[in-house]
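A quick write-up on the structure given underneath.
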Amino acid sequence: EAQVTQNPRYLITVTGKKLTVTCSQNMNHEYMSWYRQDPGLGLRQIYYSMNVEVTDKGDVPEGYKVSRKEKRNFPLILESPSPNQTSLYFCASSLWAGGHEQYFGPGTRLTVT
Amino acid sequence: KNEVEQSPQNLTAQEGEFITINCSYSVGISALHWLQQHPGGGIVSLFMLSSGKKKHGRLIATINIQEKHSSLHITASHPRDSAVYICAVRGNYGGATNKLIFGTGTLLAVQP
């Protein structure tokens, strides 16, 4: 089954404790992206990747890191999480960046206390 | 002003009604997406269009590039259509071609 998976689905952590949210797709997609969703603000792009070893900042990259060492995986790293990073996070992938349907992961609800 | 505006923000309908959700954008685009997010959070892509009209079951999406406007129609609405509907555009200039810009969504509740 074609899908995007994220882990964990739910995470409660404390300020400053490094964490990684994993994202994996099995569709051989070139393009992957991370979004955060906050009430009243909608979805905002954090980082995206056009291909292996090619990543770029989205609209809200501060406090986040990503890597794309393999085509299928695109982990989101919070080196020192802060409460303002409490949010619902979605990973997505598509065949190419432009003009292709996006497939979303199930979401990761992160709470930073 | 947001680059992508949706209206209405909230919509309550009776089962069977015809529903229209609107999306206006202020940038040049290469594609527009309609997404559906059910309670519980999962996001599903409904349509991607760059011109004209697309239909899938009871859902119809239209776009007018000159007017920078798109509509999502639901015919014979059903309570299972209750969800947040999100419009997103991909720009056609520079780095914007690699990113989606989202509207804040329309919360639809269809009552039986």
Side-chain angles (χ1 to χ4, degrees), chain A residues 1-6 8-11 23 25 27 29-51 54-61 66 68 87-110, chain B residues 1-7 9-10 21 23-25 27-52 54 56 59 61 63 65 83-107:
Chain A
E1 179 190 355
Q3 61 182 349
V4 179
T5 57
Q6 292 178 230
R9 294 289 312 280
Y10 302 91
L11 179 60
C23 173
Q25 50 92 6
M27 295 167 280
H29 284 171
E30 300 283 353
Y31 182 89
M32 298 185 74
S33 182
W34 275 103
Y35 304 97
R36 61 178 288 174
Q37 186 178 39
D38 302 289
L41 297 177
L43 284 154
R44 293 178 292 168
Q45 190 168 40
I46 304 170
Y47 269 94
Y48 63 93
S49 170
M50 302 286 285
N51 209 329
V54 181
T55 63
D56 207 348
K57 296 177 180 178
D59 297 316
V60 288
V66 293
R68 188 92 180 273
S87 187
L88 180 58
Y89 291 86
F90 288 97
C91 180
S93 72
S94 64
L95 191 58
W96 298 100
H100 287 275
E101 180 180 359
Q102 293 251 314
Y103 293 81
F104 286 81
T108 295
R109 188 167 293 280
L110 172 65
Chain B
K1 189 178 188 299
N2 293 336
E3 293 167 300
V4 180
E5 298 273 359
Q6 289 185 235
S7 64
Q9 287 187 306
N10 295 281
I21 300 170
C23 176
S24 296
Y25 52 91
V27 297
I29 70 167
S30 59
L32 182 143
H33 298 252
W34 281 104
L35 309 171
Q36 180 190 56
Q37 185 174 25
H38 277 288
I43 298 175
V44 175
S45 178
L46 296 176
F47 295 103
M48 183 192 66
L49 62 165
S50 55
S51 65
K54 287 190 175 180
H56 184 249
L59 302 178
I63 188 169
I65 295 295
V84 175
Y85 292 84
I86 302 168
C87 172
V89 302
R90 186 177 300 283
N92 63 359
Y93 52 96
T97 58
N98 300 328
K99 301 193 290 186
L100 283 179
I101 307 168
F102 296 86
T104 53
T106 295
L107 176 60

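All values reported here derive from a predicted model rather than from experimental measurement. Residue numbers begin at 1 in each chain, while the letters A, B, ... track the order of the sequences.
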Honestly, the part of B:Ser45 sitting under 4.5 Å from a heavy atom of chain A is both

The interface call for A:Gln102 against chain B, heavy-atom contacts under 4.5 Å, is both

When every non-hydrogen atom of B:Leu100 is compared with those of A:Gln45, the smallest separation belongs to N-OE1, 4.0 Å

ask   = Crowded around A:Gln3 CD? As in, over 12 foreign heavy atoms under 6.0 Å?
value = yes

So does A:Arg44 have more than 12 non-hydrogen atoms from other groups sitting under 6.0 Å from CZ? yes

Those residues at least two apart in sequence (or on a different chain) that pass side chain to side chain contact (heavy atoms under 4.5 Å, CB included) with A:Ser93 are A:Val4, A:Gln25, A:Met27, A:His29, A:Met32, A:Tyr103

Heavy-atom closest pair (B:Ile43 atom, A:Phe104 atom, distance to 0.1 Å) is O-CB, 3.5 Å

Whatever's closer than 4.5 Å to a heavy atom in chain A on B:Ile86 counts as side chain

Honestly, the part of B:Gln37 sitting under 4.5 Å from a heavy atom of chain A is side chain

Whatever's closer than 4.5 Å to a heavy atom in chain A on B:Leu35 counts as side chain

By ring-ring contact (aromatic ring centres under 6.0 Å, His included), A:Phe90 pairs with (sequence neighbours left out) none

| task | Answer yes or no on whether B:Arg90 is positioned over the face of A:Tyr48, meaning its NZ or CZ is under 6.0 Å from the six-membered ring centre and within 45° of the axis. | result | no

Turns out that what part of A:Leu88 lies under 4.5 Å from chain B's heavy atoms comes down to side chain

